[in-house]
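In what follows, a single structure is set out as structure tokens and then discussed.
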Number of protein chains: 2
Amino acid sequence: MKEQCLCKLISSEEIDRIKKDMPDGETIANMAEFFKVFGDNSRLTLIYYLSRAELCVADLASLAGMSQSAVSHQLKTLRLMRLVKNRKEGTIVYYSLDDAHIDSLFKGALEHILEEK
Amino acid sequence: MKEQCLCKLISSEEIDRIKKDMPDGETIANMAEFFKVFGDNSRLTLIYYLSRAELCVADLASLAGMSQSAVSHQLKTLRLMRLVKNRKEGTIVYYSLDDAHIDSLFKGALEHILEEK
DNA sequence: TTAATATATGAACAGATATTCATATATGGA
DNA sequence: TCCATATATGAATATCTGTTCATATATTAA
């Protein structure tokens, strides 16, 4: 089937405007990456705990009910996304949120979900 | 290795409070599902276009550079998540956003990404 | 130095998911 | 009725991703 424009509701000028305003591919990809981080139960759980306190890896594992390895892998993801930062004290590494946006976005989504109930 | 609490920074009372405030599993899962929808380039692109206009499937495919089938599959996902609604006119099905939250969340994330540049 | 502990990491595996392909369904026109 | 068009959908496939397992690294204490 040939794809063709069927717009009967909007003008081609409007279509052009919409196309022009479309964020570029890199921006879309960055946004998707950003949301993807929150689209996982484990990471969301870790983010919740880190929104409440600075915590070490073992404590995060205990609180989230995850293995130390799984937590460490996910923290690496969060670090690469610059959503968490860490601080070393002896052999213990303390993690905390690196961005106020995260917390507010988390709360925003929570409100959204709770509203729907 | 045995997981054990290493908390030296916060009291066990504080830990208890944090645990108690933890959203339940279902809520976390719902939030993750919610974010997951936005964590994909194709869906994010479709959502962008729908944030600008009511559009039929063929136009969405053309604008997003996706096949009709891929668009239809993703629209089904978005419909199940109640993020879009549709309206039938003959054989043409027009889609539009079903929730103002989506648009604001999209814009919030966009601002977040642009700020970091 | 040796042992113990906390964390990080590479590889393998399992499960999830986005796309394609073929086809079904639905509607309107000839 | 028969055909063309717009959309939906099931199955198969390929890719991505989260966890586990084993092990490496780093730090501290004995």
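In what follows, chains are A, B, ... by sequence order, proteins preceding strands, each numbered from 1.
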Review point. Under 4.0 Å between a side-chain N/O of B:S69 and OP1 or OP2 of C:dT19, yes or no?
Key: no
Atom CG of A:N86 and atom P of C:dA6 are separated, to the nearest Å, by 17 Å
Output for pair (A:L50 CG, A:L75 CG), nearest 0.5 Å, gives 7.0 Å
| task | Examine C:dA18: is either OP1 or OP2 under 4.0 Å from a nitrogen or oxygen in the side chain of B:R43? Give yes or no. | result | yes
Rounded to whole Å, the NZ-P distance (A:K88 to C:dT7) equals 10 Å
Side-chain donor or acceptor of A:Q68 under 3.5 Å from a matching atom on the base of C:dA8? yes
When rounded to whole Å, the CG to C1' distance for the pair B:D59 and D:dT7 reads 13 Å
Side-chain contact check for B:S72: nearest option of C:dA6, C:dT27, D:dT9 is D:dT9
Step by step, work out the side-chain contact (heavy atoms from CB on, under 4.5 Å) result for B:D59 and B:Y49.
CA-CA 10 Å; B:D59 285 354; B:Y49 285 119; over 6 Å; no
Closest of C:dA8, D:dT19, C:dA18 to the B:S42 side chain is C:dA18
Review point. Taking only side-chain nitrogens and oxygens of A:Y95, does any of them come within less than 4.0 Å of OP1 or OP2 of C:dA8?
Key: yes
Closest to the side chain of A:V93, out of D:dT7, D:dG10, C:dA8, is C:dA8
Note: B:E33 and B:M81 closest approach over all heavy atoms is O-CE, 3.7 Å
Closest non-hydrogen contact found for B:A64 with B:L46 is CB-CD2, 4.0 Å
Closest of C:dG10, C:dT20, D:dT7 to the B:S67 side chain is C:dT20
Atom CG of A:L80 and atom C1' of D:dT17 are separated, to the nearest Å, by 15 Å
Closest to the side chain of B:D40, out of D:dT9, C:dT20, C:dA18, is C:dA18
query: Judged by modelled atom types alone, do A:D24 and A:T27 share a side-chain donor-acceptor pair under 3.5 Å?
result: yes
Per atom distances to the A:K36 side chain, the nearest of D:dT17, C:dA18, C:dA6 is D:dT17
So, A:H73 and D:dT19: ring centres less than 5.5 Å apart, planes less than 30° off, yes or no?
no
B:K76 NZ to D:dA11 P, in whole Å, measures 11 Å
When every non-hydrogen atom of A:V37 is compared with those of A:R43, the smallest separation belongs to O-NE, 2.8 Å
Regarding the side chain of B:Q74, the nearest nucleotide among C:dT7, C:dT9, C:dT19 is C:dT19
Taking for A:T91 and for A:E33 the nucleotide of DNA chain D with the nearest heavy atom, the one nearer the 5' end belongs to A:E33
Rounded to whole Å, the CG-P distance (A:L75 to C:dT7) equals 10 Å
Separation of D:dT27 atom C1' from A:E89 atom CD, nearest Å, is 13 Å
Atom OH of A:Y94 and atom C1' of D:dA26 are separated, to the nearest Å, by 16 Å
